Every structure is written in structure tokens, then in C-alpha cells.
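Heads up, the thing below is written out as C-alpha cells.
We name chains A, B, ... by the order of the sequence lines, and we start the count at 1 in each one. These numbers come from a predicted model, not from an experiment. What you see below is based on every heavy atom in this structure, not just the backbone, and it leaves out hydrogens, waters and symmetry mates.
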Number of protein chains: 2
Amino acid sequence: MSTREIRQTLFAQFAVVADALAHSSRLALLELLAQGERDVETLSGLLGLSVASTSQHLQRLKHAGLVSVQRHGRRRIYRLASDEVSALVLNIGRVAEASLASVEKIVNQQLRAQDELPPVSTDELARLSARRAVVIVDVRPAEEYAAAHLPGAVNIPLDALRREMSRLPQDREIIVYCRGPYCLLALDAMRMLRRHHYRVRRLEESVSEWRRAGLPVEHGITTAMTGSA
Amino acid sequence: MSTREIRQTLFAQFAVVADALAHSSRLALLELLAQGERDVETLSGLLGLSVASTSQHLQRLKHAGLVSVQRHGRRRIYRLASDEVSALVLNIGRVAEASLASVEKIVNQQLRAQDELPPVSTDELARLSARRAVVIVDVRPAEEYAAAHLPGAVNIPLDALRREMSRLPQDREIIVYCRGPYCLLALDAMRMLRRHHYRVRRLEESVSEWRRAGLPVEHGITTAMTGSA
DNA sequence: TTTATATTCAATAAGTCTGTTGAATGATAG
DNA sequence: CTATCATTCAACAGACTTATTGAATATAAA
């Protein structure tokens, strides 16, 4: 096999992966699955796609080795094949943001315009947190929270927020965060809390950036509401 | 704009990037461009594609913001828009290798079977290099070598190898390396040197892995042949 | 000028991808 | 053992992609 043939074959396989990523619905599915495993119907509901279409996209993702399925009664539960996959989606996002002016525009105008208040940086949060001036809320699903979260953050997944909102104090500022710049959970949480007259801002970065900044993270489950647990 | 609409718009833009990556020839073009800027004809020759086809693929990549062009006489010189782009291609490769059994097979059978001798690990190379037992040859283009290279490595880009081969001693083992697991330059170099009766092995990893292992790297230009310059 | 050359453009035919149907599986519940 | 429900499958039309032509641009050399 010549170098050229090897290259061909190898890149043809890489293209299988890239092909699987090359559709907005499939990227959205991967982003949802990064938040936790889900069955077909739930996914189709969340994205507003037909069940058949959702199923077909999921099968394409599976064929490319990006997700795996497990039967559970008459449901099939899809999940990401590995964490590398969601890192890859983020990587594409970063390149798109750097390369396509249109993405930056959306990110700035839409994501950022939602905040009348500017998002909080890791630095600023570190200071606020040290003074116990704020309550930090991690709106990701429980498994992700358990894997790693900001010190003192309480976990209230978006699904549970309406129900558990009353646990949050009205007299301190709330800082919400989720998975990073393209994770829209924090935005939804912010909207919901503001409607109930909480003072809320959102952390701009994610746990991985927090960690990359050399700041400590916690593991496991915390239930206390007081701050640096 | 609702969260769902933002998601849609954002992921549609991400899909533009993924779409551009979703073809083996375009991935191969990016890999070549990662080695240095090139004009259309050269690229078409290296990949064995028609000029028209190459041009169209390059325009697609440009449209997705992954490469940029610059006119130079009647040629157009294409180059990667940023280093992020080649990181993204590597990222896809890593996911493909993890997710698709067929890729691992190719990597093992083809890339690795070329070596009758197993490739050298960073650890082993560090030992060999300390004893000045080997000559290390970096076969990447000069700019990449200048940016960072292994201590004591000489730079002989693949293009120049046939011409400059005589600078290499016949009585010491040669270790070649290039950009990482999917870089085929080192393989070509190894074949060529073996045809001329050199003892050659190839480093399994790349400069970035070397650095990640906590080992030192050198910058700038080295011309000496003796080892730890 | 005219000629050569590198690249792009435009048109085409063959192939691939998508979303939508409605029917087929296959597991559970009654 | 029948009904129900979640999912997949199969088939189709409409839209994109791709490689291949040969013609069109636009720069440089003669």
C-alpha cells in the first residue's frame, strides 16, 4: 500500500466522522446527549424533529461510532460514545467562531444580549465566592455535576429548577453556569429565575475553563446551600 | 429569538464547518496545508486530483473559513486560516480512531507494519539522545521546525531529503519524526533512507506529545549534526 | 501584442442525503 | 393473545454534492 493509498483510506474513515457531524440536527443531538442519555422520543421533542427523522440521525451517529444505544424496555437510550465526542463538537464551535464572522455575531447578539448584565468571569466569580457574596448554581444534570463542579456550587438541573427554585435565597445574587459557551441551559435558567425576581448573572466559562485557570473543583454530591461547602 | 431558534442558527453555522471537513480529499488538503502553504497545482499533484476539483475543494474550505488565499503572480497560495484548524483535524482523527475499529486497523496494519522495527517512544528516544547514540531528523518544513523541535534534531524537510541525505552519518542510527500519528512524512523519509542503507526508525509521537511529556524543546534554527546542539 | 500558464467558472450527469410517508418490529401491559 | 407504544425500516421525491468537461479570466513572458 502506497503512502497515497494509506492517506486515502485513513482520511476516508475520518470523513465518516466528519460526515456524521455535518448536519445541524446531528450536532444539536450530540449537544443534548452531552447533557445526559436520552430516548428517541425525548430527543425528537426537545429538537422539534419528527421521531423518524430523529431516529435516522441517531443511527447515522451510531454508524460513525459517535453514540451508543442500549435497549431499556421498549425505549432505546442513546448516549455519547465518549467524552472526546463532546470535546470535538466544542472544538468545531471554536473554529466556527474564529472562522465565520456570522457565528460571532450570533454569539454576541443573541447569547450576550440576553444578559442585560454582563456575564461573570472566572476571576470575578472567584472573588465573589470567597466573600460568600453569591450563590452558585450548576444547572447541568446530576451526573455531570457529580463528575466535577465549582466549589460550593449547588446542583439544580434545569428540569428541576421550577420545582426547586424556592431553595434559593432572594437576597443574594445567583450565578448560574452550565457546560460552556454554547450551552444554552444557563440562559434558560437565567430567564426563568429573573421572571421570579431573582438577581441572576451567568458565568461566562465552564468547569473545564475554571480548572484550566488553575482553580480547584469539587467532586461528588453537595446539598448545602451556604456556599463553600 | 427563542433558545431553540438560537440553537438552530448556531448549529447550522457549526455544520458549515463540519460540512467542509466531510470529504476525504478536503481533510487531506488540510493535512497538507498544515505542513505549509501551497499553490493549487502542487496540491493537486500531491493528492492525485484534477486541478479543477482541487480548486473547488479549496474554495469550499475557504468559504467555511478554514483556509485563506493570497495571490502570488499567477498562482494562488492557500494556507490554513489558523492552527486551530489542524488541531481540529487531529481531533477528528483521534475520535475516529477511538470510535471506528476500521481506523485502528489501518493505523496498526499499515502505518505500523511499515516498520520492521517498532517505532521509538519518547522515553526511549530521550535515553538514546542522552547517550548521543542516534541522529534525530525532523522531516517537517522549515517553518514548523523553527517553531519548535526536539533538542538536537536536524531539519531536513522531506522535499530536501534526497539532496541532503549525504549529510547523515551511515554509522549511527537515524530517528525520523514529523507531526504526529497521521503524518506520513516520516514514513516516506524512512523508506527513502532505508533504500540507501541507513538504519532508521521513526518516533511514534510528535513534538507536542514530547512537550506534553514534560521534555524540553528547542526553537529557531540548528544546523549542527552532532546531537544535543 | 500574442502566447502560455494557473486558476476559476459553468454546465452536466451520477450519486448521496433528507424528511416524509405509512408499514413492520418487538416489547410491555391488560 | 391482543392492544399499545417506541422505534425502526423501506420507499419516495426534492434537494444538494461531486468529478469531469471545456470555456473564461487574468497574470506574466516572449
If only side-chain N and O atoms of His72(A) are considered, is one of them under 4.0 Å from the OP1 or OP2 phosphate oxygen of dA6(D)? no
What's the CD-P distance between Gln56(A) and dT8(D), to the nearest Å? 9 Å
Are side-chain heavy atoms of Leu30(A) and Ser86(A) found at a separation under 4.5 Å? no
Whole angstroms only, please: what is the CD-P distance between Gln70(B) and dA26(D)? 19 Å
Does His23(B) put a side-chain nitrogen or oxygen below 4.0 Å from OP1 or OP2 of dA19(D)? yes
Closest nucleotide among dT4(D), dT5(C), dT8(D) to the Val40(A) side chain: dT8(D)
Starting at CZ of Arg38(A) and ending at P of dT7(D), how long is that distance when rounded to a whole Å? 13 Å
What is the distance from CZ of Arg75(B) to P of dA26(D), rounded to the nearest Å? 19 Å
Positive for side chain to side chain contact (heavy atoms under 4.5 Å, CB included) with Ile175(A), one of Arg201(A), Met190(A), Arg202(A): Arg201(A)
Tell me which residues in residues 43-53 of chain B lie within less than 4.0 Å of DNA chain D, going by non-hydrogen atoms. Ala52(B), Ser53(B)
Please state how far atom CG in Leu29(B) lies from atom P in dT18(D), giving the value in whole angstrom units. 12 Å
What are the two closest heavy atoms between Val69(A) and Arg76(A), and how far apart are they? CG1-CB, 3.6 Å
Please determine, for the side chain of Glu41(B), which listed nucleotide (dT7(C), dT8(C), dT7(D)) has the closest atom? dT7(C)
Taking dT20(C), dT8(D), dT28(C) as options, the one with an atom nearest any side-chain atom of Tyr78(A) is dT8(D)
For dG19(C), does OP1 or OP2 lie under 4.0 Å from any side-chain N or O of His57(A)? yes
Could you tell me whether the phosphate oxygens of dA6(D), OP1 or OP2, come under 4.0 Å of any side-chain nitrogen or oxygen in Arg71(A)? no
If you count heavy atoms of other groups shown closer than 6.0 angstrom to CZ of Arg162(A), is the number above 12? no
Test log, rule side-chain contact (heavy atoms from CB on, under 4.5 Å), inputs Tyr78(B) and Val40(B): CA-CA 7 Å; Tyr78(B) 280 86; Val40(B) 180; 3.6 Å; yes
Any side-chain N or O of Arg76(B) less than 4.0 Å from the OP1 or OP2 oxygen of dT27(D)? no
Under the criterion side-chain contact (heavy atoms from CB on, under 4.5 Å), I'd like the reasoning laid out for Leu33(B) against Leu43(B): C-alpha separation, chi angles, the key distance, then a yes or no. CA-CA 9 Å; Leu33(B) 290 174; Leu43(B) 290 167; 4.1 Å; yes
Distance check needed: dC17(C) C1' versus Asp19(A) CG, whole Å only. 9 Å
Would you mind reading off the distance between Leu58(A) atom CG and dT8(D) atom P, rounded to a whole angstrom? 7 Å
Gln59(A) side chain, from C-beta outward: closest of dC9(D), dA29(D), dG19(C): dC9(D)
So does Arg60(A) get a side-chain nitrogen or oxygen closer than 4.0 Å to the phosphate oxygens (OP1/OP2) of dC17(C)? yes
Between Arg26(B) and Leu21(B), is any pair of side-chain heavy atoms under 4.5 Å apart? no
Of the candidates dT18(C), dC5(D), dT7(C), the side chain of Asp39(B) sits closest to dT7(C)
Identify which nucleotide among dG26(C), dA6(C), dT7(C) has an atom closest to any side-chain atom of Arg74(A), counting heavy atoms from C-beta outward. dG26(C)
If you compare every side-chain N and O of Ser55(A) against the phosphate oxygens of dT8(D) (OP1, OP2), does one of them come in below 4.0 Å? yes
Between Arg94(B) and Glu97(B), does any side-chain N to carboxylate O distance fall below 4.0 Å? no
